[in-house]
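Start at 1 and go down the list; that is how both ligands and their atoms are numbered. Any value given below was found using the heavy atoms of this structure, including those in side chains, with hydrogens, waters and symmetry copies removed. Here the structure is a predicted model, which means the values were calculated and not measured.
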Amino acid sequence: MSFFYSAQKPFLIAGPCSAETQAQVWQTAEGLKGLPIRLFRAGVWKPRTRPGSFEGKGEEALVWLQDVKKEFGFALTIEVAEAEHVELALKYGIDCLWIGARTTVNPFQVQHIADALKGIDIPIMVKNPVNPDVDLWQGALERIMASGVSNIAAIHRGFSTYKTTRSYRNQPNWIIPIELRRRFPELPIFCDPSHITGRAALVAQVAQKAMNIGFDGLMIETHIQPKLAWTDAAQQLTPAELKDLLQYLVIRKEFAPDANLDLEYLRQTTDNIDAEIIDLLSKRMEISAQMGEIKRQNNITAYQPERWREILETRCEQGNKLSLDKQYIAVLWQIIHDESIKKQLEQPVSNPLQP
Ligand code: PEP
Ligand code: MN
């Protein structure tokens, strides 16, 4: 059974952004007692954007974590960015490791970690790279898989942009973890709403969204006194706030027998509509071919900018009247029109009977 299997969703990871002091780690763990925490997290080496910030307590903090495990029975997870971190984590009985977003971007660094993991089958979680590149995320996962690690999960923590928007610190760009799921259907994918939102007040709604999409777990930064945190103070929840969040979190099932009939009806209706759309597209293409022939015979250019502008404008307007997003219609018709022009430029098949 996979280390990350959870009969009851979500697979929950909680704990402070950073291990700051022995008391802070202990009190946070004490606050989390009784919650369904599968992993207690804490950063002991912190990848900071600028030098001079708090960079983690290192080995000293691993001792505090060991105490938490002994007292409260929590399994532990920390971020590793170097082969040496892996070695120390194992020495102090850390149960699971994660690779941070700033490390996932660097294949050399990920490979160093993968090499250090050879022959050690410890569960690994790989956060997405800071940039929205699903191939890079996949590459990091593949490097870790190739080192023989059998329990792997991915963590979606959002993607950085030039300026943080008013709502999010890191854009969720949900389509990327969804694409990862398409590529690795068996891979557990967790969501880290703390780093996506950057704000405690928004964590619950993003956690809920992740559950609605079908994520398997959540990593939520939790601190006994968030306002005083040495790192990521704005986004950490108190243990009581986390308890509240869990109480209101709605977990969607993958299947619901009662909904099956209704869904089946709607799916069949969709199938019929799609068949009609394809039929119409094919008819439209036949007309395009005929127009192409007339244009060829009369030596008129296939692409007519004025006509294209008119098509785009009228279709967007018509769509908009029927509550369809203008951008959606524009993108769709660009594809339809491009294909039509391509068709019109095809040379007509010559008739072998006519010289
Ligand atoms: C963290 O989890 O505290 C962290 C540094 O995260 P990320 O790698 O997502 O920035
Ligand atoms: Mn953090």
Side-chain angles (χ1 to χ4, degrees), residues 11-20 24-25 28 37-51 53-58 61-62 65 76-82 85 89 94 96-106 109-110 113 123-134 136-137 140-141 144 153-161 164 168-174 176-177 180 189-200 202-203 206-207 210 215 217-238 241-242:
F11 183 100
L12 184 62
I13 306 153
C17 177
S18 304
E20 300 160 6
Q24 169 252 6
V25 171
T28 302
I37 308 282
R38 299 289 298 275
L39 284 167
F40 182 83
R41 65 150 281 159
V44 305
W45 297 283
K46 299 301 298 177
R48 305 312 302 278
T49 304
R50 310 257 322 268
S53 319
F54 171 63
E55 292 191 330
K57 286 286 184 177
L62 292 171
L65 288 174
L76 304 169
T77 186
I78 63 165
E79 174 176 350
V80 291
E82 312 271 0
H85 296 166
I94 302 297
C96 170
L97 309 175
W98 90 78
I99 295 179
R102 289 166 191 79
T103 305
T104 308
V105 283
N106 185 338
Q109 204 63 23
V110 174
I113 297 170
I124 306 287
M125 302 184 285
V126 181
K127 286 200 172 193
N128 62 259
V130 284
N131 55 326
D133 184 340
V134 70
L136 199 53
W137 199 359
L141 288 158
I144 301 300
I155 304 177
H156 172 230
R157 50 75 81 197
F159 304 93
S160 60
T161 47
T164 54
Y168 295 126
R169 177 180 176 192
N170 291 295
Q171 289 304 309
N173 226 330
W174 298 100
I176 291 183
L180 191 73
I189 306 185
F190 305 151
C191 179
D192 170 351
S194 308
H195 287 90
I196 288 177
T197 61
R199 271 198 289 160
L202 300 178
V203 168
V206 170
F215 278 70
L218 295 170
M219 176 186 259
I220 297 182
E221 286 189 339
T222 322
H223 192 288
I224 192 64
Q225 282 180 297
K227 286 196 177 67
L228 303 181
W230 298 359
T231 57
D232 290 350
Q235 71 193 31
Q236 303 200 56
L237 302 187
T238 62
E241 285 166 342
L242 178 63

Judged by modelled atom types alone, do His195 and Asp232 share a side-chain donor-acceptor pair under 3.5 Å?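 Present: a donor and an acceptor within the cut-off.
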List every atom of ligand 1 that sits less than 4.0 Å from any heavy atom of [X], numbering the atoms from 1 in the order shown and giving each element.
| X | result |
| --- | --- |
| Gly100 | 8 (O) |
| Trp98 | 2 (O) |
| Lys127 | 1 (C), 2 (O), 4 (C), 6 (O), 7 (P), 8 (O), 9 (O) |
| Arg157 | 7 (P), 9 (O), 10 (O) |

For Glu79 and ligand 1, does the shortest N/O to N/O distance drop below 3.5 Å?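 By distance alone, the answer is no.
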What I want to know is whether Lys46 and ligand 1 share at least one N or O pair that is separated by under 3.5 angstrom.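 Yes, at least one N or O pair falls under 3.5 Å.
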Tell me which N, O or S atom of Asp232 sits nearest to the Mn ion (ligand 2).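 Nearest N/O/S atom of Asp232: OD2.
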If you consider just the N/O/S atoms, which atom of Glu221 is the closest one to the Mn ion (ligand 2)?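 For Glu221, the N, O or S atom at the smallest distance from the Mn ion (ligand 2) is OE2.
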Check [X] against [Y] and note the closest heavy-atom contact, atom names and distance.
| X | Y | result |
| --- | --- | --- |
| Phe40 | Pro16 | CZ-CD, 3.7 Å |
| Ile155 | Cys191 | CG2-C, 4.5 Å |
| Trp230 | Lys57 | CZ3-CE, 4.1 Å |

Any donor and acceptor pair, going by atom type alone, linking the side chain of [X] with main-chain N or O of [Y] inside 3.5 Å?
| X | Y | answer |
| --- | --- | --- |
| Arg157 | Pro193 | no |
| Lys46 | Cys17 | yes |
| Trp137 | Val126 | yes |

Report the nearest protein non-hydrogen atom to atom 4 (C) of ligand 1: residue, atom name, distance rounded to 0.1 Å.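 Atom 4 (C) of ligand 1 sits closest to the protein heavy atom His195 NE2, 3.5 Å.
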Quick test: of every protein heavy atom, which one is nearest to atom 2 (O) of ligand 1, and how far off is it to 0.1 Å?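 Its nearest protein heavy-atom neighbour is Arg41 NH1, 2.7 Å.
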Using a 4.0 Å heavy-atom cut-off, which part of Met219 comes near ligand 1: side chain, backbone, both, or neither?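 Neither; no heavy atom under 4.0 Å.
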Side chains of Ile37 and Leu242, heavy atoms from C-beta outward: is any pair under 4.5 Å?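 The answer is yes, as the side chains (C-beta and beyond) meet within the 4.5 Å cut-off.
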Which option out of Ala81, Ala101, Ser160 puts a heavy atom nearest to atom 8 (O) of ligand 1?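 Nearest heavy atom to atom 8 (O) of ligand 1 lies in Ala101.
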Can you tell me if Cys17 has a non-hydrogen atom under 4.0 Å from ligand 1?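 It does; at least one heavy atom falls under 4.0 Å.
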Working note: Arg41 + Glu79, criterion salt bridge (charged side-chain N to carboxylate O under 4.0 Å, His left out); need CA distance, chi angles, decisive distance, verdict. CA-CA 9 Å; Arg41 65 150 281 159; Glu79 174 176 350; over 6 Å; no
